[in-house]
Structures are given as structure tokens and as C-alpha cells.
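To keep things clear, I will list the structure first and then write my remarks on it.
If you read the sequence from its start, that first residue is 1, and numbering goes on from there. All values below were derived from every heavy atom in this structure, side-chain atoms included, with hydrogens, water molecules and symmetry-related copies excluded.
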Amino acid sequence: MRDYRYYQSAFAGVPKPFAFVDLDLLEENAEQISLQSNGKPVRIASKSIRSVAILKHVLQLDDCFRGLMCYSAPEVLHLCEAGFDDLLLGYPLWEKSWLLSIASEIKNGRSITLMIDSLPHVEQLEQIARETGTRLPVCLDIDMSSDVLGLHFGVWRSPLRSLEASLSLAKRVASSDHLYLDGVMGYEAQIAGVGDRYPRQFLKNSIIRLLKQYSVKEVAARRATLVHAIRELGISLRFVNGGGTGSLHLTGKEDAVTEVTAGSGFFSPGLFDYFQDFRFHPAAGFALEIIRKPTEHIYTCAGGGYIASGSAGRDRLPKPYLPTGAKLFPNEGAGEVQTPIHYQGMETLELGDPIFFRHAKAGELCERFTRLYCISGGKIIEEVTTYRGDGLCSL
């Protein structure tokens with residue numbers, strides 16, 4: 001556990017605000033992710049990292065880290081330019097100009113797999129393949145949400161909810177001269193992305209845990225049935241992808257799954273404090289400068305309104321991290337140009353001192369900063385760019 005003075009000393013003289021990655025803690029998180037994957041290869045979710053240098057660093061930490069799951073066409077092309085390969089688009093694409101560019105990369109030998117979940121996606125990609133004179137690898141995105149007593153437990157993602165619909169689309173791809181089925185993906189967001197350890201919410205936490213227990217079994221059975229049925233059609237799949245950081249320890253146990261995905265666990269943002277089954281180290285954050293002291297125990301920082309996406313709530317706010325005991329004010333939260341905090345602890349804070357925060361989500365931190373300071377052994381050892389620093393703003 002780091003304390004305030006550890007980071008204060010390490011970043012002395014660095015102009016604020018700034019973002020940072022603690023490489024020592026990131027590497028400990030990577031080791032834990034490797035152990036939780038149950039021996040399965042881990043594909044890195046690039047949306048949770050959003051820095052070419054950090055992605056390269058993670059991929060070289062362990063042989064289990066192989067390939068990237070990307071989130072947009074411009075990102076894929078940016079990563080191709082940076083030398084990455086084995087790229088899986090986690091979401092379908094439609095814009096023709098981007099698809100033509102990616103098809104050109106595939107034609108030139110780059111391993112890029114495109115996501116589909118409907119017949120229009122197939123027809124669009126077939127047209128692109130005909131125009132570019134190439135054969136495109138595709139992946140079926142299967143809906144992994146669970147229906148429990150009329151409750152939709154999961155996210156609204158893919159329309160492929162039944163075995164029949166999934167096999168129908170798989171057959172359509174298999175009959176195509178321009179596409180081939182490279183893999184199957186199913187992201188169980190209701191397990192991997194839903195916290196179940198929120199303070200003072202015992203009933204809600206208990207209900208979510210029960211729903212998760214049901215969903216884990218139901219999802220595993222459904223995925224195994226689908227993969228078996230696809231292979232019975234004579235289709236050979238290169239990969240079957242599942243999971244996220246929040247479900248690694250469960251999804252990795254499924255025989256049908258050949259690889260799992262992880263991203264947020266490397267940085268361990270604020271939302272990951274609310275999961276019962278695991279703990280990672282806070283390895284990334286940002287620092288704001290104290291510019292005012294309105295009254296005793298209240299310190300106002302410049303900036304800080306870095307609110308996370310998703311359903312609006314207090315858990316989407318950045319979390320004051322260090323010094324320990326610093327808190328946001330409920331009626332102000334994190335502001336566009338200033339953020340007041342309450343602190344009544346052991347550290348003596350002055351104007352110009354930093355307050356260290358954690359973003360609620362992992363990758364969204366890098367959308368606010370162009371550079372990351374990399375720290376190891378209590379010292380800054382490198383300064384690297386984020387996607388934003390590279391000039392990439394794709395979603």
C-alpha cells in the first residue's frame with residue numbers, strides 16, 4: 001500500500017494536473033490476472049489501457065498475454081501502425097471507409113478479426129471483401145445476458161440470444177466466399193462488470209450475488225452448447241473468447257473457452273473496489289493541485305471533473321485516493337474547473353500540494369491526459385503518451 005508521501009516525493013516538481021502509472025503495482029496486478037485466468041491466454045482489452053507504450057509493456061510481462069481486443073477502427077489502424085498484430089474488434093463496424101482501410105491491412109497480412117452479430121453485418125463485410133479482393137475473418141458476438149424471472153440481467157449488446165439464431169448466422173458465414181468464421185465471443189457483463197460489495201447496500205449486494213451465481217452456470221452451459229454445435233457443423237474456430245477482469249476466475253474454468261479478456265484489472269480503477277471476489281492494486285491515477293483553502297480542513301483543487309461513463313451515480317465520480325481520508329463533498333462532487341475536498345488527517349497540506357485521485361474507470365483516465373508518468377521504485381523512470389497524446393480521438 002502506497003502512502004501520500006511516497007507519491008508526493010516521486011512527483012516533486014512535476015506540473016499538475018498529471019496522470020501516472022505505478023509500474024510496480026501494474027506488474028503485480030498482471031501476475032494476479034495471469035493466475036486467475038486458469039491457464040488460458042489473456043487478450044488485453046485496449047480500451048482500458050489506451051497507451052501504446054503501456055500495452056507493449058503489458059504484453060511482454062508474461063507469455064499468457066496475447067493479442068488485443070480493440071474498440072474502434074481508428075484505434076486498430078493506429079495500433080497497426082505501431083506494429084501490433086492479432087487484433088480483435090470487440091464491436092461491429094459499419095462505416096465503409098474504415099472497413100476498406102482495415103480490409104487493406106488484412107490483405108497485407110495483418111491479423112485483424114471483425115465482429116458481427118447480424119445478417120446486415122455479413123452483407124456489408126461481403127461487399128467490402130469483394131471490393132478489396134480479400135477474405136475477411138469474422139467473430140460472432142453472442143449475447144451472454146441472463147433472463148431471470150422476467151429480469152434482463154446483463155447489457156443490451158448482441159441480438160444473437162438463441163442457439164438457433166447463432167447457428168443460422170454461423171452457417172451463413174460458412175457459405176460465404178468472402179468471409180470465414182474465425183471465432184466466437186461472449187461477454188458476460190453482468191458478471192464481469194457489476195459490483196457486489198457496495199458499502200451500506202447489503203440487500204442489493206446479496207441479490208446481485210445470487211443473480212451472478214445463477215448466471216455463471218447458465219452462461220457456461222449455453223456457451224458450451226453453442227461451441228459444440230458450431231464445431232458439429234464442421235467449422236473450425238481459432239478462438240472462443242469470454243470474460244473480463246471481473247469474471248476471469250470463473251470464465252477461465254470453462255472448457256469451451258480458449259482465451260479470456262482482461263483490461264481494467266491492470267490499472268484497477270475505483271469501480272473495482274466494489275467486487276467481492278478479488279482485489280487488485282490501484283496502479284494508475286491522477287494528481288490535482290491545491291489552489292485554495294476556503295476554511296480549515298477544506299482544500300480546493302484545480303480541475304478534476306473526470307466523470308466516468310455509464311449510469312449516473314456517485315460511483316462514477318473520481319475517488320480521492322491520497323492522502324488517506326480525503327473526501328469529495330456530496331453537493332459539489334468533482335467539478336469542471338475546481339474540486340473541493342474535505343481532509344482532516346495527519347498530513348499537512350499547503351497550496352501547491354497534490355491530491356491524488358483514481359478514476360472510476362480504467363481507460364477513461366487516458367482520455368483526459370496526453371501523457372503518463374511511469375513510476376517504479378519511487379522514481380519516475382519514463383514518460384509515455386496516451387492515445388490522446390498520439391493525436392487519436394476515436395470514440
Side-chain angles (χ1 to χ4, degrees), residues 42-60 65-118 120-141 157 173 178-183 185 187 238-239 241 259 261-264 266-267 309 361-372 384-395:
V42 179
R43 186 177 292 273
I44 310 302
S46 59
K47 77 176 184 64
S48 299
I49 306 295
R50 304 195 198 199
S51 167
V52 167
I54 301 299
L55 285 170
K56 288 181 176 180
H57 182 76
V58 171
L59 284 169
Q60 60 83 35
F65 300 131
R66 306 175 199 169
L68 302 177
M69 180 180 288
C70 307
Y71 64 87
S72 75
E75 183 205 18
V76 166
L77 297 173
H78 183 64
L79 293 174
C80 285
E81 190 175 333
F84 290 90
D85 208 358
D86 190 4
L87 308 176
L88 170 62
L89 263 294
Y91 309 86
L93 302 177
W94 191 261
E95 171 57 44
K96 186 175 180 180
S97 62
W98 292 125
L99 288 172
L100 288 171
S101 296
I102 288 176
S104 177
E105 291 286 346
I106 294 171
K107 188 173 183 179
N108 290 332
R110 192 78 65 174
S111 175
I112 305 171
T113 304
L114 297 159
M115 194 64 65
I116 62 171
D117 64 27
S118 64
H121 289 151
V122 172
E123 294 170 342
Q124 175 81 330
L125 292 181
E126 282 183 320
Q127 180 183 343
I128 297 296
R130 280 193 292 267
E131 290 186 24
T132 55
T134 190
R135 194 162 175 248
L136 300 177
V138 298
C139 176
L140 293 186
D141 186 355
R157 189 179 172 109
V173 172
H178 305 286
L179 311 178
Y180 66 93
L181 191 58
D182 195 30
M185 184 192 78
Y187 175 50
R238 181 170 68 94
F239 65 87
N241 179 283
E259 64 173 38
T261 298
S264 296
F266 294 100
F267 285 176
S309 61
K361 287 194 169 182
E364 292 182 24
L365 168 70
C366 291
E367 292 300 325
R368 295 289 185 167
F369 295 90
T370 59
R371 308 185 76 78
L372 295 168
V384 302
T385 56
T386 64
Y387 285 179
R388 287 281 178 150
D390 296 337
L392 177 66
C393 176
S394 62
L395 280 180

Legend entry - Residue among Thr113, Asp117, Asn241, Leu89 satisfying side-chain contact (heavy atoms from CB on, under 4.5 Å) with Met185: Asn241
Inset, instruction - Enter the distance from Leu99:CG to Ile128:CD1 here, rounded to the nearest 0.5 Å. - result: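 Answer for the CG-CD1 pair, Leu99 versus Ile128, is 5.0 Å.
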Check [X] against [Y] and note the closest heavy-atom contact, atom names and distance.
X      : Y      : result
Leu59  : Arg66  : CD2-N, 4.2 Å
Arg43  : Leu68  : NH1-O, 3.2 Å
Gly90  : Asp141 : O-OD2, 4.3 Å
Lys107 : Gly133 : CE-O, 3.9 Å

Inset, instruction - Compute whether any side-chain donor of one residue and acceptor of the other, for Ser264 and Lys361, lie under 3.5 angstrom apart. - result: no
Inset, instruction - Would you check if there is a donor-acceptor pair between the side chains of Gln127 and Glu131 at a distance under 3.5 Å? - result: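 Judged by distance alone, the side chains do pair up.
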Legend entry - Min side-chain heavy-atom separation Lys47-Tyr91 under 4.5 Å: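 Yes; the side chains approach each other to less than 4.5 Å.
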Legend entry - Close side-chain approach of Leu87 and Ser111, heavy atoms under 4.5 Å: no
Legend entry - Check: Phe65 ring centre within less than 6.0 Å of Phe266 ring centre: yes
Run the side-chain donor-acceptor check on residues 387-395: report pairs under 3.5 Å with partners two or more places apart or on a different chain.
{"from": "Tyr387", "atom 1": "OH", "to": "Glu75", "atom 2": "OE2", "distance (Å)": "2.6"}
{"from": "Arg388", "atom 1": "NE", "to": "Glu367", "atom 2": "OE1", "distance (Å)": "2.5"}
{"from": "Arg388", "atom 1": "NH2", "to": "Glu367", "atom 2": "OE1", "distance (Å)": "3.0"}
{"from": "Asp390", "atom 1": "OD1", "to": "Thr385", "atom 2": "OG1", "distance (Å)": "2.6"}
{"from": "Asp390", "atom 1": "OD2", "to": "His78", "atom 2": "NE2", "distance (Å)": "3.0"}
{"from": "Ser394", "atom 1": "OG", "to": "Ser72", "atom 2": "OG", "distance (Å)": "2.9"}

Legend entry - Whether over 12 other heavy atoms sit under 6.0 Å from Glu81 CD: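 It does not: Glu81 CD has 12 such atoms or fewer within range.
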Inset, instruction - Would you verify whether the NZ or CZ of Arg50 falls within 45 degrees of the ring axis of Phe267 while also being under 6.0 Å from that six-membered ring's centre? - result: no
